[in-house]
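Just below is one structure, and these are the notes that go with it.
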Amino acid sequence: MKELLEVIAKKLVDNPEAVSVAELPADKGIVLELRVAQVDMGKVIGKQGKIAKAIRTVVRAAAIHNDKHVSVEIIQQ
C-alpha cells in the first residue's frame, strides 16, 4: 500500500522528491502518513478534498483486496 500511495502522490505534485510515506501500526490496521511539500498540498487535497478522497478510496480498495485495513493521513512538511 505504501508504494501505491507514493506513486500516486508523486504523479500529482510538482516536487516529487519531497513526497514521503510513513507506515504506522494502528489499532485496526495501518495508518499511512503522506507528507508533501507545502506548495503541493493543494494538488494533493484538491477542491473540496475531492482528490484526497479519491486517493483514500483507491488505497482502501487495494488494501481490502489484500485483506488489510488502511487509512491515509495527509501531512504538510
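Quick caveat, the model's predicted, so the values are computed rather than measured. Just so you know, these numbers use all the heavy atoms, side chains as well, and skip hydrogens, waters and symmetry mates.
- Residues Leu5 and Val70 have side chains not in contact (no heavy-atom distance under 4.5 Å, counting atoms from C-beta outward).
- When side chains are defined from C-beta on, Val39 does not count as touching Asp14, because their heavy atoms never get closer than 4.5 Å.
- For Glu17, the CD atom sits in a packed shell: over 12 heavy atoms of surrounding residues, nucleotides or ligands are nearer than 6.0 Å.
- Once rounded to the nearest 0.5 Å, the distance linking NE2 of His69 with CZ of Arg60 reads 7.0 Å.
- A pairwise comparison of heavy atoms in Val21 and Glu6 identifies CG2-CG, 3.6 Å as the closest pair.
- Using a distance-only test at 3.5 Å, with no hydrogens or angles considered, a donor-acceptor pair links the side chain of Asp40 to the main chain of Asn15.
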Verdict with supporting geometry, Val36 and Leu12, side-chain contact (heavy atoms from CB on, under 4.5 Å): CA-CA 10 Å; Val36 297; Leu12 292 172; over 6 Å; no

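- Shown here are the side chain to side chain donor-acceptor pair (under 3.5 Å) partners of Glu73, two or more places apart in sequence or in another chain: there are none.
- At least one side-chain heavy atom of Met1 sits under 4.5 Å from a side-chain heavy atom of Asn66.
- In this structure the side chain of Arg56 reaches within 4.5 angstrom of the side chain of Ile74, judged on heavy atoms.
- The shortest side-chain heavy-atom distance between Ile51 and Val44 does not fall under the 4.5 Å cut-off.
- The CD atom of Glu3 sits 11.5 Å away from the CD1 atom of Ile8 when rounded to the nearest 0.5 Å.
- Under the 4.5 Å side-chain contact rule for hydrophobic residues, Ile45 and Val19 share a cluster.
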